[in-house]
Amino acid sequence: MTFADLHRPGHPFVLPNAWDLASAGLLARQDFPAIGTTSLGVAAAHGLVDGSRAAREATTRLAHDITAARLGRYVTVDIEDGFSDDPTAVAEFVVGLGVDGVNIEDSTRGELIAPDLAARKIVAIKTAAPTVFVNARTDVHWLGGSDLHAALDRLSAYADAGADGVFLPGTADPGVIEAVALGIARPLNVLATPALTRRRLGNLGVARISTGSLLYRSALERTLDTALAVRDGRPFPPAIPYGEVQDLAE
């Protein structure tokens, strides 16, 4: 089975997103067939702003650390917009990561880029690294828009450019999700949402459910809650044992 084979419309697998080697190792110990990274988690953990191209080096280091650890799982990396406007440079960056897949978005610093530029990046990646699964993300809804036709047009262009899958974050509208699943001849990836169960998303035609930055943000929430519990004299929430965390680094 290849990473691409995991993507079965109607039978979505869950892709948890790590932000460092410890979180990747912890997730790899569970029954997840693949591990992704979260650009927000990677950026924020290094004091950087997500979507600003500032986390290129941190993303590269994490990709290399995860692959070197040989976790026995497929690895896909969130590369924001590819960290460049130059399709050739984006392709060279992806080749250097040595991973099974990448997620590339069509916005830079909070603004949508021209769809033809995003498509050229995809063409370049697939030409240079044909076996890398390219998950092409449109941020039409993520940035607050609601134009389904614009999202469909963009994702269709990315599919024509060679994207192996498409990603529509920013909406939990069943009608929108189903329209994209039916309208684009590529496996659809969406973000996990409490509004729609895995079964429901499968019925809508989804092939992959990413946790995105949820795990990182949940870890921050748990960190704050634990610190406040210590300060306020409340019982501590359970934590992974010290030795188990040490084992993750070995």
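No side-chain heavy atom of Thr193 sits less than 4.5 Å from a side-chain heavy atom of Arg200. Between Leu188 and Leu168, the closest side-chain pair of non-hydrogen atoms falls below 4.5 Å. Side chains of Phe13 and Pro33 form a contact here, defined as non-hydrogen atoms less than 4.5 Å apart. Leu204 is not listed as a side-chain neighbour of Val190, based on a closest heavy-atom distance of 4.5 Å or more. In this structure, the side chains of Ile125 and Phe93 stay at 4.5 Å or more apart for every pair of heavy atoms. Proximity of Val132 to Val94: side-chain heavy atoms (C-beta onward) are separated by under 4.5 Å at one or more points. Between Arg222 and Pro237, some side-chain heavy-atom pair lies under the 4.5 Å cut-off. Side-chain contact between Asp106 and Asp81 is absent, with no heavy atoms from C-beta onward closer than 4.5 Å.
Residue Pro16 comes nearest to Thr211 through the heavy atom pair CA-OG1, 3.5 Å, listed as atom of the first residue, atom of the second, then distance.
Here the straight-line distance linking atom CD1 of Ile122 with atom CG of Leu117 works out to 10.0 Å at 0.5 Å rounding. Between the CD atom in Glu80 and the OG atom in Ser107 there is a gap of 9.0 Å [rounded to 0.5 Å]. Here the straight-line distance linking atom CG of Asn103 with atom CG of Asn189 works out to 7.0 Å at 0.5 Å rounding. Expressed to the nearest 0.5 Å, how far CZ of Arg154 lies from NE2 of His149 amounts to 15.5 Å.
In the hydrophobic clustering of ILVMFWY residues, with side-chain heavy atoms under 4.5 Å counting as a link, Val99 and Leu71 come out together. The hydrophobic clustering, which links ILVMFWY residues whose side-chain heavy atoms are closer than 4.5 Å, places Val123 and Val90 apart. Hydrophobic clustering (ILVMFWY, side-chain heavy atoms < 4.5 Å, transitive): Ile66 and Leu97 are in one cluster.
For Arg137, the salt bridge (charged side-chain N to carboxylate O under 4.0 Å, His left out) partners are Glu105, Asp139, not counting sequence neighbours. Asp173 meets the salt bridge (charged side-chain N to carboxylate O under 4.0 Å, His left out) test with no other residue; sequence neighbours excluded. Take Ser156 and apply the side-chain hydrogen bond (donor to acceptor under 3.5 Å, both in side chains) test, not counting sequence neighbours, and it matches no residue. Asp100 is linked by a side-chain contact (heavy atoms from CB on, under 4.5 Å) to Phe3, Tyr74, Val75, counting only residues two or more places apart in sequence or in another chain. Not counting sequence neighbours, the partners of Asp116 by the salt bridge (charged side-chain N to carboxylate O under 4.0 Å, His left out) test are Arg120.
Applying the salt bridge (Lys or Arg N to Asp or Glu O under 4.0 Å) test to pairs two or more places apart or on separate chains, those with a residue in residues 228-247 are Asp225-Arg234.
Ionic pairing of Asp20 and Arg61 is not present here: no N-O contact between side-chain nitrogen and carboxylate oxygen is shorter than 4.0 angstrom. We find that Arg186 and Asp164 are not joined by a salt bridge, their nearest charged nitrogen and carboxylate oxygen being 4.0 Å or further apart.
When only modelled atom types and interatomic distance are considered, Thr37 and Asn17 share no side-chain donor-acceptor pair under 3.5 Å.
Between the side chain of Arg109 and the backbone N or O of Gly51, no donor-acceptor pair lies under 3.5 Å.
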